[in-house]
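Beneath this line is the structure, given in structure tokens, with notes to follow.
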Amino acid sequence: MCQQTQIVTVLPYFAQWMAQWPDFESLATATEEQVLAAWQGLGYYSRAKRLQAVAVQWCAAELKPQTAAAWLEYPGIGPYTAAAIASIHFRDPVAAVDGNVIRVLSRLVAAEDIFNSQQSAVTKLTPEAQRLLDHDDPGTHNQAMMELGALVCTKAKPSCLMCPLQSYCRGFALGHQDKLPRILRAAITERAVNRAWCVSNGRLLLQRYPAGSRRLAGVCELPELERLSEKMPDAVIASLQRGISNERIRETLRVLPVLDATKLHLETEVEWVWVSEAELSQTTLSGPHRKWIENLLKDYPLCLNQAYQK
DNA sequence: AATACGGGGTA
DNA sequence: TACCCAGTATT
């Protein structure tokens, strides 16, 4: 859950998840639908399915993994997560290098490199992290490094005056610690999406990305208008802006009066789902669309069908 | 080596 | 708005 997601965001999801599946044995029996529902709104949905797959693989394993190298064989477990699990739980002396540690180390050694990605910074600084690691207590050391980055060696306005590493910090000595690390960001691309508010018999039409989809697999959103109709209604009833990874998406919503279900394009890569207002709470939606729909229902209740067109 | 993958917090 | 978060897998 914590991969690329802030701890405070994770906390309520973690509590709910652990209450539902306290161990791998129970998680191994969960369905993909249940897992996606519990992950709803957290993003990066492939993490949920991979975590469930980890539970299945772990339960089937003769020898349970105890080293970072062994954990690396599991889906969704990369160098960071493998090192975190193995060092904290099994005392495997492997440095866990996340965004926090990159920041601490790049300032500590005053790394002047201009990295093209966080990944390249990890590659460059991992040897230094491994050199500094306390082999007697790698778990505490790794957590201390991350905690230092999260609470003291922060991105903006780091608390250098109370930092226990101040006297060792080359970045502080040179006075440009807050400019480090230097990592180039990927370009943000713009995308416009036209969506449809399509209601029939008290049910709202949604599109669902299929299980194999790379993006939002198993998650529903309001349907893209182009998948439904050749001609686009004029009136925009709502609009939404949001960021998704390296994309900025501007979405507009229009009422689609054509209700002939046979007009749905069946060859498109999404599945069509009609949901009543009651079923909506049981439906896995992307976070932004759940909020969007909840707001829209106030002005466009499903029971009124298309009467609100005017 | 780049890029895709969500969503939210923060200055 | 722009950056970044207890990254990983795919292209």
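Residue numbers begin at 1 in each chain, while the letters A, B, ... track the order of the sequences.
What separates CH2 of W292(A) from C1' of dG6(B) is a distance of 16 Å, to the nearest Å. Going from atom CZ of R185(A) over to atom C1' of dA4(B) covers 14 Å, rounded to whole Å. Following rounding to the nearest Å, L105(A) (CG) and dA6(C) (P) show an atom-to-atom distance of 15 Å. L51(A) places its CG atom 16 Å from the C1' atom of dA9(C), with the value rounded to the nearest Å.
A donor-acceptor distance shorter than 3.5 angstrom exists from the side chain of S281(A) to the backbone of A278(A), with no hydrogens or angles considered. Judged by distance alone, the side chain of T283(A) and the main-chain N or O of E279(A) form a donor-acceptor pair under 3.5 Å. R47(A) contributes a side-chain N or O that, together with a main-chain N or O of Y44(A), makes up a donor-acceptor pair within less than 3.5 Å.
Applying the 4.0 Å criterion to OP1 and OP2 of dC5(C), one finds that Y44(A) has every side-chain N and O outside that range. When the side-chain nitrogen and oxygen atoms of R242(A) are compared with OP1 and OP2 of dG7(B), one or more of them lie within a distance under 4.0 Å. Phosphate contact (OP1/OP2 of dA2(C), side-chain N/O of R248(A), threshold under 4.0 Å): absent. Side-chain nitrogen and oxygen atoms of N246(A) include at least one within less than 4.0 Å of the OP1 or OP2 phosphate oxygen of dA4(B). Contact annotation: N100(A) side-chain N/O to dC5(C) OP1/OP2 distance is not under 4.0 Å.
L42(A) comes within contact range of at least one nucleobase, with a heavy-atom separation under 4.0 Å. Using a 4.0 Å heavy-atom cutoff across all strands shown, T81(A) reaches sugar-phosphate atoms only and no base atom. No contact: E247(A) has no heavy atom under 4.0 Å from any strand. Among the atoms of the strands shown, only primed sugar atoms or phosphate atoms (P, OP1, OP2) are found under 4.0 Å from some heavy atom of S286(A). Using a 4.0 Å heavy-atom criterion, one finds that N142(A) contacts no nucleic acid atom at all.
You'll find that the side chain of Y45(A) is closest to dG7(B), out of dT8(C), dA6(C), dG7(B). The side chain of C2(A) sits closest to dA6(C) out of dA6(C), dT8(C), dC4(C).
Take the nearest nucleotide of DNA chain C for Q4(A) and for R214(A): the residue whose nucleotide is more 5' is Q4(A).
Comparing dA1(B) with dC5(C), their C1' atoms sit 23 Å apart, to the nearest whole Å. Rounded to a whole angstrom, the distance from the P atom of dT10(B) to that of dA6(C) is 11 Å. Rounded to a whole angstrom, the distance from the C1' atom of dC3(C) to that of dG6(B) is 16 Å.
Salt-bridge formation is detected for the pair R195(A)/E251(A): a Lys NZ or Arg NE/NH1/NH2 atom is positioned less than 4.0 Å from an Asp or Glu carboxylate oxygen. K291(A) has no carboxylate O lying under 4.0 Å from a charged side-chain N of E294(A), or vice versa, which leaves the two without a salt bridge. Contact check on E277(A) versus R203(A) returns no salt bridge, with no Lys/Arg side-chain nitrogen under 4.0 Å from an Asp/Glu carboxylate oxygen.
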Give me, pair by pair, the N or O atoms of the protein and of nucleotides 8-11 of chain B that are less than 3.5 Å apart, along with how far apart they are.
residue: dG8(B); atom: OP1; partner: K291(A); partner atom: NZ; Å: 3.0

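Aromatic ring centroids of W71(A) and Y74(A) lie under 6.0 Å apart.
In plain terms, the two heavy atoms of R215(A) and S213(A) that are nearest each other are O-OG, 2.6 Å.
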